[in-house]
2 protein chains.
Amino acid sequence: MDLSDRKLKILQAIIRNYLETGEPVGSRTISKFTDLNLSSATIRNEMSDLEELGLIVQPHTSAGRIPSDRGYRLYVDMLMREKQEEMEQLQVELNAKSQKLDTILKEAAKLLANNTNYASLITTPQYRTRRLKFLQITQVDPENLLAIIVLEGNIVKNKMVAISTPVDADVVLRLNLLLNSSLQGLDLKEINLGIIQKIKADSSGYGLLVGEILDAVAETLGEEEMQTYTSGATNIFKYPELNDSEKASHLLYALEEKKQLTELMYSEGDNERGIQVYIGNESPLEATKDCSMVTATYHLEDGVYGKIGIIGPRRMDYEKVVQALQNLMQELDEILKK
Amino acid sequence: MDLSDRKLKILQAIIRNYLETGEPVGSRTISKFTDLNLSSATIRNEMSDLEELGLIVQPHTSAGRIPSDRGYRLYVDMLMREKQEEMEQLQVELNAKSQKLDTILKEAAKLLANNTNYASLITTPQYRTRRLKFLQITQVDPENLLAIIVLEGNIVKNKMVAISTPVDADVVLRLNLLLNSSLQGLDLKEINLGIIQKIKADSSGYGLLVGEILDAVAETLGEEEMQTYTSGATNIFKYPELNDSEKASHLLYALEEKKQLTELMYSEGDNERGIQVYIGNESPLEATKDCSMVTATYHLEDGVYGKIGIIGPRRMDYEKVVQALQNLMQELDEILKK
DNA sequence: TGTTAGCACTCGGTGAGTTTGAGTGCTAAT
DNA sequence: ATTAGCACTCAAACTCACCGAGTGCTAACA
């Protein structure tokens with residue numbers, strides 16, 4: 001049996017209708033809904049075929065049909081191919097008043113959630129490959145030094161270092177010189193034990209102090225602080241099929257914990273550019289078995305990227321979501337590249 | 001009609017029992033449950049009185065009784081008075097490995113939620129009255145200066161300032177001297193327009209540059225970035241009486257938005273030290289009409305404080321919650337004062 | 001006078017039986 | 001190849017009787 005054009009049209013009609021109503025859709029509905037001018041009986045025959053092909057299922061005998069995961073998949077794939085060119089803008093407007101990255105990201109998540117009525121999540125970008133621009137040690141008070149670390153792209157981190165013995169100003173000055181000349185321009189990965197040993201050796205006399213500081217710096221840099229922000233978690237209550245306490249609770253828990261979802265978003269290695277769609281059981285995550293998830297990647301500059309995702313019911317308006325994601329990605333790119 | 005000791009005991013028994021089961025409790029249960037050795041009939045009479053006093057209510061004729069908001073209130077007040085002295089420790093152990101305030105606070109919220117099985121929230125402390133310890137300007141690259149601001153208590157903030165014209169090293173040095181001598185030791189409130197004008201006047205020649213920097217500094221300090229972290233939001237699904245989508249959705253939305261809840265926590269002005277309890281409709285917030293909320297204040301040092309709160313069902317184990325809050329406050333005090 | 005036993009009454013919850021209606025599959029006619 | 005017609009299915013909604021926990025009241029009791 002083959003997938004005639006008519007069958008595809010019927011499948012599409014079934015999915016569209018189901019997206020709207022959330023109810024199983026019957027032959028009569030389709031017969032009226034489409035412009036194919038076919039009777040419900042004919043539709044029934046076709047539906048029977050579609051079911052045999054595994055694209056739609058009946059929740060129980062004598063109920064209408066709903067799309068299966070495979071059905072959605074086909075639909076999404078079709079969509080993606082079609083919508084490649086036409087691009088009606090969906091208004092997504094990031095207000096970049098604040099320069100702070102995390103504020104922008106949080107706002108982006110919120111925007112996305114509000115625009116789509118699904119839950120959204122977004123991660124901070126990964127800086128693994130950034131180079132150290134410079135490093136500055138300052139004496140704050142007799143017991144504390146402040147280490148300020150500036151990375152390429154003007155990412156600033158700081159760390160208070162409690163020191164065991166007071167030092168005076170010119171030592172701090174020399175420390176700065178030493179550390180900067182040794183570390184400047186290095187990749188975070190390159191600042192490893194070897195280098196640290198070498199610096200300690202070079203620092204005639206201040207070995208202990210230098211050690212303390214380097215440890216602190218390494219620790220600060222090591223804090224891989226990828227964060228994930230979520231928004232619109234409560235949107236899921238808008239969809240009756242997720243709105244039972246069992247499912248909602250699991251899903252919300254996953255959104256609160258974020259860890260698993262974040263991992264999932266980063267797991268699809270190859271597909272770094274472009275949009276990834278998980279439909280129902282395609283997701284390895286228990287909590288999202290009854291949902292669909294659409295993820296995308298935004299790019300800051302070469303090699304530095306973060307992820308955006310949307311979670312909603314299986315009957316998600318994939319068209320709109322993909323649209324919204326693309327717009328947002330574009331806007332993020334613009335703002336972040338400044 | 002008076003509140004005899006016996007009535008109090010019965011009320012207490014009713015509440016205790018209801019806290020456990022979540023079901024309306026009947027006279028027979030109390031008759032067995034307490035050591036008063038009274039028949040159910042007697043209990044019924046007493047319960048009838050308690051109902052007349054507005055301390056308990058029947059959800060419908062021929063059902064057991066459940067505590068009213070007033071009943072809970074009485075119970076909580078009794079509890080608070082009694083438990084003033086005895087203090088069995090509840091294990092609350094903050095792992096202070098990271099020095100970063102927000103990490104500690106997030107962990108505190110999580111801990112609290114896990115220990116109590118309710119939802120928790122915590123705000124970052126307010127620094128309004130902190131003094132400027134010192135300020136440092138560093139040249140990062142030809143177009144950018146980095147302003148680092150250290151406040152009392154070693155709170156570090158930083159801000160990148162894009163400058164219109166490049167400057168050389170000794171100008172930066174003089175800037176540092178000027179700004180520090182003018183601003184050091186000042187309260188954030190004291191750094192106002194007047195002072196800024198005066199500094200600009202003093203900065204013969206660099207007026208424009210100084211202006212840019214001061215604006216940036218003021219902006220950074222002005223960013224009153226009180227944040228609220230929540231945890232354990234999904235715990236509310238554990239309580240059937242909150243576990244209907246209408247209520248849960250509202251509550252979770254409030255927890256996601258945080259704004260209203262934060263305002264509420266800070267609204268009780270006078271009660272700055274100590275623990276505040278809102279039972280059901282006592283709260284002005286629509287979203288928590290079916291919940292109880294217990295809030296407490298933790299103190300960093302004079303005048304600097306933040307809030308912790310717990311949200312759960314009306315039948316919250318107030319005893320445990322108050323206990324947990326007190327322990328956590330104590331622990332926070334210790335860690336944060338370092 | 002306070003406590004108790006007994007009894008009639010109330011009402012939410014449960015479960016069995018019934019009805020309804022949307023939807024299907026099959027067959028025969030077009 | 002399409003359609004009209006019809007018998008069949010089954011979840012959802014509704015009805016109804018019954019159960020039992022719990023009450024209020026009254027009368028008896030210590």
Side-chain angles (χ1 to χ4, degrees), chain A residues 1-11 13-15 17-18 20-68 71 240-241 243-244, chain B residues 1-11 13-15 17-18 20-68 71 240-241 243-244:
Chain A
M1 182 176 10
D2 233 4
L3 253 187
S4 67
D5 206 51
R6 197 170 73 173
K7 283 194 175 52
L8 272 183
K9 272 202 178 140
I10 291 176
L11 174 64
I14 293 173
I15 295 186
N17 197 286
Y18 182 65
E20 266 179 38
T21 64
E23 297 292 317
V25 14
S27 52
R28 233 176 91 75
T29 315
I30 296 300
S31 154
K32 280 187 271 179
F33 194 71
T34 61
D35 48 2
L36 292 172
N37 267 68
L38 294 172
S39 79
S40 63
T42 313
I43 302 287
R44 274 204 291 284
N45 291 330
E46 295 288 46
M47 281 166 100
S48 173
D49 291 354
L50 284 172
E51 181 157 21
E52 210 169 313
L53 285 166
L55 297 174
I56 52 179
V57 291
Q58 272 181 297
H60 55 86
T61 1
S62 87
R65 309 299 217 287
I66 63 177
S68 71
E241 68 267 43
N243 189 346
D244 94 82
Chain B
M1 182 179 9
D2 235 2
L3 254 187
S4 69
D5 207 49
R6 197 171 73 176
K7 283 194 175 57
L8 272 183
K9 271 200 177 140
I10 292 176
L11 175 63
I14 293 174
I15 295 186
N17 198 287
Y18 182 64
E20 267 179 38
T21 63
E23 297 293 316
V25 13
S27 52
R28 234 175 90 77
T29 315
I30 296 301
S31 154
K32 280 187 272 180
F33 194 70
T34 61
D35 49 2
L36 292 171
N37 268 70
L38 293 172
S39 79
S40 64
T42 313
I43 301 288
R44 274 204 290 286
N45 290 331
E46 296 288 45
M47 281 167 100
S48 172
D49 291 354
L50 285 172
E51 182 157 20
E52 208 170 316
L53 285 166
L55 298 173
I56 54 181
V57 292
Q58 272 182 297
H60 55 86
T61 1
S62 89
R65 309 300 217 287
I66 62 176
S68 68
E241 66 267 45
N243 191 344
D244 93 82

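In what follows, chains are A, B, ... by sequence order, proteins preceding strands, each numbered from 1.
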> For the pair made of NZ in Lys7(A) and P in dA1(D), what is the distance, rounded to whole Å?
Replying inline: 11 Å

> If you look at every strand shown and take non-hydrogen atoms under 4.0 Å, does Thr61(B) touch a base, only sugar-phosphate, or nothing?
Replying inline: sugar-phosphate

>> Tell me if a side-chain donor or acceptor on Ser68(B) pairs with a main-chain N or O of Gly54(B) at a distance below 3.5 Å.
In response: yes

> To the nearest 0.5 Å, what is the distance between CD1 (Ile30(A)) and CD1 (Ile10(A))?
Replying inline: 7.5 Å

>> Just verifying a value: how many Å separate Asp35(B) CG and Lys9(B) NZ, rounded to the nearest 0.5 Å?
In response: 6.5 Å

> Has the side chain of Ser27(A) got a donor or acceptor atom that lies under 3.5 Å from a matching backbone atom of Ile43(A)?
Replying inline: no

>> What is the first contacted nucleotide of DNA chain C and what is the last, in 5' to 3' order, if contact means an atom lying under 4.0 angstrom from a heavy atom of chain B?
In response: dT3(C) to dG12(C)

> If only atom types and distance count, is the side chain of Gln58(A) paired as donor or acceptor with the main-chain N or O of Ala63(A) below 3.5 Å?
Replying inline: yes

> Going by heavy atoms closer than 4.0 Å, what residues in residues 24-37 of chain A are next to DNA chain C?
Replying inline: Gly26(A), Ser27(A)

> Just how far, in rounded Å, is P of dA11(D) from CD of Glu23(A)?
Replying inline: 15 Å

> Just checking Ala41(B): base, sugar-phosphate only, or nothing, at a heavy-atom cut-off of under 4.0 Å?
Replying inline: base

> Yes or no on side-chain contact (heavy atoms from CB on, under 4.5 Å) for Asp49(B) and Asn45(B), after CA distance, side-chain angles and deciding distance?
Replying inline: CA-CA 6 Å; Asp49(B) 291 354; Asn45(B) 290 331; 5.8 Å; no

>> Determine whether a donor-acceptor pair (N or O, by modelled atom type, separation under 3.5 Å) exists between the side chain of Ser48(A) and the backbone of Arg44(A).
In response: no

> Between Arg28(A) and Ser40(A), do the side chains contain an N or O donor and an N or O acceptor separated by less than 3.5 Å?
Replying inline: no

> How do Arg44(B) and Ser62(B) order along DNA chain C: which one's closest nucleotide is nearer the 5' end?
Replying inline: Arg44(B)

> Mapping Ser40(A) and Asn45(B) onto DNA chain D by nearest heavy atom, which one lands closer to the 5' end?
Replying inline: Ser40(A)

> What is the distance, rounded to the nearest whole Å, between atom CD of Gln58(A) and atom C1' of dA11(D)?
Replying inline: 13 Å

>> Should the side chain of Ser39(A) and the base of dT3(D) be counted as holding a donor-acceptor pair, with the cut-off at 3.5 Å?
In response: no

> Over how many whole Å does the gap from Glu46(A) atom CD to dT3(D) atom C1' extend?
Replying inline: 13 Å

>> From CG of Leu38(A) over to C1' of dA4(D), roughly how many Å is that when rounded to an integer?
In response: 15 Å

>> Between P on dG22(D) and CD1 on Ile66(B), what's the gap in Å once rounded to a whole number?
In response: 14 Å

> Hey, does the side chain of Thr42(A) reach the backbone of Leu38(A) with a donor-acceptor pair shorter than 3.5 angstrom?
Replying inline: no

>> In this structure, how many angstroms lie between the P atom of dA21(D) and the CD1 atom of Ile14(B), rounded?
In response: 19 Å

